[in-house]
Amino acid sequence: MKNLLKYFIIILAVATIRTASAQTSNADFKGATASLSHYKALYFVDDTASTKIGMTLRNINNALEDPRLKGKVEIELVAFAGGYTMFLKSGKYESLLLGLQKKGVILAECENTIKERKIDKATLFDFISYVPSGNGEIIIRGNEGWTIVHP
């Protein structure tokens with residue numbers, strides 16, 4: 001019984017050492033390779049929190065500037081529920097949004113949110129588009145193969 005236990009411990013130690021030595025070190029990891037010719041991502045904002053909105057806009061810009069994706073990614077940003085505040089003329093996001101739009105990002109607001117919250121479209125930026133529903137846009141884009149991102 002003692003010998004059996006000893007052999008078991010040796011086998012376990014050898015297996016553990018082999019597994020550990022077979023793993024790639026973090027220093028060797030380079031991230032995923034963008035092997036496709038085109039990528040599509042839909043980001044959405046449904047929150048009034050300026051930290052959430054700011055983070056989403058930064059994340060979109062980071063994706064556009066990622067050297068693996070540069071020139072290969074199509075992005076849509078859709079706002080619904082509290083996310084509509086991102087598109088308010090009285091807000092602080094105009095220059096960031098225009099910058100993203102210049103880079104090809106589609107900016108869309110949910111019509112259901114506009115109706116339910118009785119928002120005057122005149123209070124929103126003139127350069128945004130509208131979709132019938134934010135949730136519908138997420139469902140459709142997801143089924144078209146778009147990656148859905150909600151930071």
Side-chain angles (χ1 to χ4, degrees), residues 12-151:
L12 184 62
V14 169
T16 303
I17 290 169
R18 281 191 181 167
T19 302
S21 66
Q23 293 176 354
T24 303
S25 73
N26 284 336
D28 294 334
F29 183 73
K30 303 293 185 219
T33 302
S35 58
L36 301 177
S37 62
H38 190 73
Y39 295 85
K40 299 178 280 188
L42 179 129
Y43 288 74
F44 70 92
V45 175
D46 60 354
D47 194 329
T48 61
S50 62
T51 54
K52 187 72 135 181
I53 294 169
M55 178 178 58
T56 302
L57 299 178
R58 278 190 311 280
N59 285 346
I60 292 170
N61 199 55
N62 289 343
L64 291 167
E65 296 302 321
D66 186 315
R68 299 168 297 174
L69 295 173
K70 199 158 181 110
K72 296 167 77 171
V73 65
E74 180 179 356
I75 296 177
E76 179 177 346
L77 170 61
V78 66
F80 62 95
Y84 83 91
T85 60
M86 170 176 58
F87 294 145
L88 285 171
K89 290 178 182 176
S90 61
K92 60 182 181 179
Y93 303 106
E94 183 175 15
S95 63
L96 292 170
L97 292 166
L98 283 170
L100 291 175
Q101 191 176 53
K102 275 186 176 178
K103 293 179 180 183
V105 176
I106 300 163
L107 306 172
E109 173 58 47
C110 168
E111 288 277 1
N112 282 344
T113 298
I114 299 299
K115 290 175 195 163
E116 291 168 5
R117 296 182 182 222
K118 297 174 178 44
I119 299 165
D120 182 356
K121 284 186 177 180
T123 64
L124 303 177
F125 296 123
D126 297 331
F127 56 83
I128 65 171
S129 301
Y130 294 88
V131 293
S133 78
N135 281 297
E137 193 72 3
I138 292 167
I139 292 166
I140 293 166
R141 293 298 196 194
N143 281 283
E144 290 176 343
W146 290 56
T147 298
I148 308 300
V149 185
H150 185 223

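From a predicted model like this one, the values you see are computed outputs, not experimental measurements.
Counting only heavy atoms from C-beta outward, the side chains of Asp66 and Asn62 never approach each other to under 4.5 Å. By the 4.5 Å heavy-atom criterion applied to side chains, Leu97 and Phe127 are counted as neighbours. Taking 4.5 Å as the limit, every side-chain heavy atom of Phe44 sits out of range of all side-chain heavy atoms of Glu137. The side-chain heavy atoms of Phe125 and Leu107, taken from C-beta on, include no pair separated by under 4.5 Å. Looking at Val149 and Asn59, their side chains never come closer than 4.5 Å, going by heavy atoms from C-beta outward. Residues Leu124 and Tyr130 meet the side-chain proximity criterion, which asks for heavy atoms closer than 4.5 Å. Between Ile60 and Lys103 the shortest side-chain heavy-atom distance does not fall below 4.5 Å.
Between Gly54 and Tyr93, the closest heavy-atom pair is N-CE2, 4.5 Å. Of all non-hydrogen atoms in Val131 and Ala108, the two that sit nearest each other are CG1-CB, 4.0 Å. Contact detail for Pro132 and Cys110: the closest heavy-atom pair is O-SG, 4.2 Å. Summarising the geometry of Val73 relative to Ile75, their closest heavy-atom pair is CG2-CG1, 3.9 Å, with the distance given to 0.1 Å. Taking all atoms of both residues into account, the shortest heavy-atom contact from Pro151 to Thr56 is CG-OG1, 3.7 Å. Arg68 approaches Ala32 most closely through the heavy-atom pair NH1-O, 3.0 Å.
Arg58 has no carboxylate O lying under 4.0 Å from a charged side-chain N of Glu65, or vice versa, which leaves the two without a salt bridge. Taking the charged nitrogens against the carboxylate oxygens, Lys89 and Asp126 do have a contact shorter than 4.0 Å, which makes a salt bridge.
Of the possible donor and acceptor atoms, one in the side chain of Thr113 sits under 3.5 Å from a partner among the backbone N and O of Ala81. Lys72 places a side-chain N or O within 3.5 Å of a backbone atom of Leu36 that can act as its donor or acceptor partner.
Here CG of Leu69 is found 8.5 Å from CG of Leu64. Values are rounded to the nearest 0.5 Å. Atom CZ of residue Phe80 and atom CG of residue Asp47 lie 10.5 Å apart, to the nearest 0.5 angstrom. Put simply, CZ on Arg141 and NZ on Lys40 are 8.0 Å apart, with the number rounded to the nearest 0.5 Å. To the nearest 0.5 angstrom, Asp46 atom CG is 10.0 Å from Ile53 atom CD1. To the nearest 0.5 Å, atoms CZ (Phe87) and CD1 (Ile128) are separated by 5.0 Å. Between the CD atom in Glu76 and the OG atom in Ser129 there is a gap of 8.5 Å [rounded to 0.5 Å].
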Stepwise side chain to side chain contact (heavy atoms under 4.5 Å, CB included) test for Met86 and Leu77: CA-CA 11 Å; Met86 170 176 58; Leu77 170 61; 3.8 Å; yes

